[in-house]
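The figures here come from the full heavy-atom set of this structure, side chains too, leaving out hydrogens, waters and symmetry mates.
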Amino acid sequence: MSSTPPTTMPPASTAPAAVAVPATAAATTTTTTTTATTPSGAGPAVTAPERVPVERSKGINGLDKIVLREVRGSSAEVYLYGGHVTSWKNDHGEELLFLSSKAIFKPPKAIRGGIPICFPQFSNLGSLEQHGFARNRFWTIDTDPPPFPTGTPPKAFVDLILKPTDEDLKIWSHSFEFRLRISLSPAGDLMLTSRIRNTNSDGKPFTFTFAYHTYFSVSDISEVRVEGLETLDYLDNLQNKERFTEQGDAITFESEVDKIYLGTPTKIAILDHEKKRTFVLRKDGLPDAVVWNPWEKKAKAMADFGDEEYKHMLCVEAAAVEKPITLRPGEEWRGRQELSAVPSSYCSGQLDPRRVLQGS
Ligand SMILES: O=P(O)(O)OC[C@H]1O[C@H](O)[C@H](O)[C@@H](O)[C@@H]1O
């Protein structure tokens, strides 16, 4: 993979201000159905289909977890610690996310694997701890979230909420409400929708970076290719975040990779040749995508990661990094990712990844 000479990264600019979404009247939510009115109050209330009640139980080390089940058999698990999706299974019960066998499940360490939430800072791009603090905090179930103005809600979903504690305000002096909806579609797709609102009472805006740090389970990293990031610019974390241009026609893996691709398309495909499976990541509000595999040396250096586990995982992280997001008080930002896993007998040419990327 050759590259053009590095150029300096443009100064961080603020993304266009998010859509100012006034806080609407809370939906009247009951345990089985949700009746919502459209934000403007116009139009008929959308009565959600019968909602599948969420299961709440104690998970590893007694941490609270939620299990979502779709009637056709797919499921997902979310720990309130970190608002952290740790499992996503298809209707055959196959695990689609990677979770390290050495994951610690003990605060304040983040859970290694699944989908850590990186907020209000991605990586070390700021003064906070690596990836911010949202993944190290206890979230709560939001029993009365503001309605989603679009579409009919799915049946299997849970709404979580995170607000800063007094301790948090000492390290990041901004008030926010971070609402995270995790849902399963009838087809078993996993959707995460984040709504982050600036609730500062001092009139101050705030700026953040963000990522859904998704760990995909793969059969063998040497049999995996990523489509959709060709010809894009990226910042190489292994070369002082210098900027290069991707030359390859697809990304394959022979060594450690840690790249922030900039201005990426809304769809990215991760093809697992051996499993004949393609993950399709669709995203909205998240212009960048981080691709990370620690490979052998870094795998050995991580206490909560098996020495050989790098062979069976790949992180492709829908993110907003290059252009940090700025919200004024009252404004809300939304960032969404939808994951699906489709059979791909790619080797027979039946699945052209470009068709997947260009298809609906
Ligand atoms: O070990 P963590 O703090 O979870 O970070 C794990 C990885 O996250 C991202 O992928 C970054 O790009 C990597 O540089 C980092 O090593």
Please report the C-alpha distance between D64 and Y81 in whole Å, then the side-chain angles of each, then the deciding distance to 0.1 Å, and finally whether the side chain to side chain contact (heavy atoms under 4.5 Å, CB included) criterion is met. CA-CA 7 Å; D64 285 318; Y81 176 57; over 6 Å; no

When you look at D304 and S100, which way does the side chain to side chain contact (heavy atoms under 4.5 Å, CB included) test go after all the steps? CA-CA 7 Å; D304 62 344; S100 174; 5.5 Å; no

List the steps and the verdict of salt bridge (charged side-chain N to carboxylate O under 4.0 Å, His left out) for E322 and K241. CA-CA 11 Å; E322 184 190 27; K241 290 186 173 47; over 6 Å; no

As a quick check of understanding, evaluate salt bridge (charged side-chain N to carboxylate O under 4.0 Å, His left out) for E227 and R225, giving each step before the final call. CA-CA 7 Å; E227 304 269 356; R225 52 192 285 149; 2.7 Å; yes

Stepwise, does the salt bridge (charged side-chain N to carboxylate O under 4.0 Å, His left out) test hold for R137 with D168? CA-CA 10 Å; R137 295 291 183 276; D168 295 335; 2.7 Å; yes

Stepwise salt bridge (charged side-chain N to carboxylate O under 4.0 Å, His left out) test for E256 and K297: CA-CA 9 Å; E256 181 183 356; K297 184 163 172 265; over 6 Å; no

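The same ILVMFWY cluster, assembled from side-chain heavy atoms under 4.5 Å apart, contains both V158 and L190. Y215 and Y79 sit in two unconnected hydrophobic clusters of ILVMFWY residues. Membership requires side-chain heavy atoms under 4.5 Å apart, directly or through other members. The cluster map of Ile, Leu, Val, Met, Phe, Trp and Tyr, joined by side-chain heavy atoms under 4.5 Å apart, puts F210 and I268 in the same cluster. Both M313 and Y212 are members of a single hydrophobic cluster when ILVMFWY side chains are connected at heavy-atom separations under 4.5 Å. Connection of M302 to I221 is established within a shared hydrophobic cluster, with ILVMFWY side chains joined at heavy-atom distances below 4.5 Å, either directly or through further cluster members.
Side-chain atoms of D258 and V290, non-hydrogen and from C-beta on, do get closer than 4.5 Å to each other. Residues C315 and N293 have side chains not in contact (no heavy-atom distance under 4.5 Å, counting atoms from C-beta outward). H174 has its side chain out of reach of P164: every pair of non-hydrogen atoms, C-beta onward, lies at least 4.5 Å apart. For the pair L339 and F279, the minimum side-chain heavy-atom distance is 4.5 Å or more. L63 places a side-chain heavy atom less than 4.5 Å from the side chain of F138. L68 is listed as a side-chain neighbour of I66, based on a closest heavy-atom distance under 4.5 Å. Using a 4.5 Å heavy-atom cutoff, the side chains of W295 and V257 are not in contact. When side chains are defined from C-beta on, K275 counts as touching S217, because their heavy atoms get closer than 4.5 Å.
Side chain of T199 to backbone of F176: a donor-acceptor contact under 3.5 angstrom is found. For the pair T326 (side chain) and T207 (backbone), a donor-acceptor distance under 3.5 Å is absent. In this structure, the side chain of N200 does not engage the main chain of G203 through any donor-acceptor pair within 3.5 Å. Checking side-chain atoms of N90 against main-chain N and O of S340 turns up no donor-acceptor pair under 3.5 Å. Although no hydrogens or angles enter the test, the distance criterion places a donor-acceptor pair under 3.5 Å between the side chain of Q121 and the main chain of S123. S87 places no side-chain N or O within donor-acceptor distance of the main-chain N or O of E77, the cut-off being under 3.5 Å. Checked by atom type and distance alone, the side chain of N240 never pairs as donor or acceptor with a backbone atom of E242 at under 3.5 Å. Distance alone, capped at 3.5 Å, is enough to place a donor-acceptor pair between the N198 side chain and the L327 backbone. The backbone N or O of A320 sits nowhere less than 3.5 Å from a side-chain atom of K323 that would complete a donor-acceptor pair. Counting only distance, with no hydrogens or angles, the side chain of Y310 and the backbone of K298 share no donor-acceptor pair below 3.5 Å.
S219 and D272 share a side-chain donor-acceptor pair at under 3.5 Å. T278 and S344 share a donor-acceptor pair across their side chains, judged by distance under 3.5 Å alone. Checked by atom type, the side-chain pair S185/E70 shows no donor-acceptor distance below 3.5 Å. Using a 3.5 Å distance cut-off with no hydrogens or angles, the side chains of D233 and T245 do pair a donor with an acceptor. With 3.5 Å as the limit, one finds no donor-acceptor pair spanning the side chains of K163 and T140. A donor and an acceptor atom, one from each side chain of E254 and T252, are located under 3.5 Å apart.
Taking all atoms of both residues into account, the shortest heavy-atom contact from L229 to A289 is CD2-CB, 4.5 Å. For the residue pair E230 and E246, the shortest heavy atom distance occurs at CA-CG, 4.3 Å. Considering all non-hydrogen atoms of both residues, L286 and G335 come closest at CD1-C, 4.2 Å. In terms of heavy-atom proximity, D288 sits nearest to G263 at OD1-N, 3.2 Å. Here the shortest heavy-atom pairing between W139 and G83 reads CD1-N, 3.2 Å. Of all heavy-atom pairs spanning R195 and P146, the tightest one is NH2-O, 2.8 Å.
In summary, K311 and D220 do not engage in a salt bridge, as defined by a charged side-chain N under 4.0 Å from a carboxylate O. Look at R277 and E94 and you find a salt bridge, because one of the NZ, NE, NH1 or NH2 atoms lies within 4.0 Å of a carboxylate O, short of that distance. Between D307 and K300 there is no salt bridge, since no side-chain nitrogen of the basic residue lies less than 4.0 Å from a carboxylate oxygen of the acidic one. Ion pairing between a basic and an acidic side chain is recognised when a charged N comes within 4.0 Å of a carboxylate O; R336 and D284 show no such pairing. In summary, K259 and D236 do not engage in a salt bridge, as defined by a charged side-chain N under 4.0 Å from a carboxylate O.
Proximity of the aromatic rings of F98 and F216 is defined here by a centroid distance below 6.0 angstrom, and this criterion is not met. Here the two rings, on W333 and F208, have centers that are under 6.0 Å apart.
Counting heavy-atom neighbours within 6.0 Å of K106 NZ, excluding the residue itself, gives a total of 12 or less.
Taken to the nearest 0.5 Å, the CH2 atom of W88 stands 6.5 Å off from the CG atom of L97. With values rounded to the nearest 0.5 angstrom, I171 atom CD1 is found 5.0 Å from F133 atom CZ. Separation of atoms CZ (F157) and CG (L192) is listed at 14.0 Å; rounding is to 0.5 Å. With values rounded to the nearest 0.5 angstrom, I161 atom CD1 is found 13.0 Å from L80 atom CG. Distance check: L160 CG to I141 CD1 gives 6.5 Å after rounding to the nearest 0.5 Å. Atom CG of L180 sits about 9.5 Å away from atom OG of S183, to the nearest 0.5 Å.
Ring-plane geometry between F122 and H131 is classed as tilted, the angle between the planes lying from 30 to 60 degrees on a 0 to 90 degree scale. Between W292 and H213, the ring planes lie perpendicular to each other; the angle is over 60°, past the 30° to 60° tilted range.
A cation-pi arrangement, defined by a distance under 6.0 Å to the six-membered ring centre and an angle within 45 degrees of its axis, is absent between R328 and F206. F305 does not carry K102 over the face of its six-membered ring by the limits of under 6.0 Å from the centre and within 45° of the normal.
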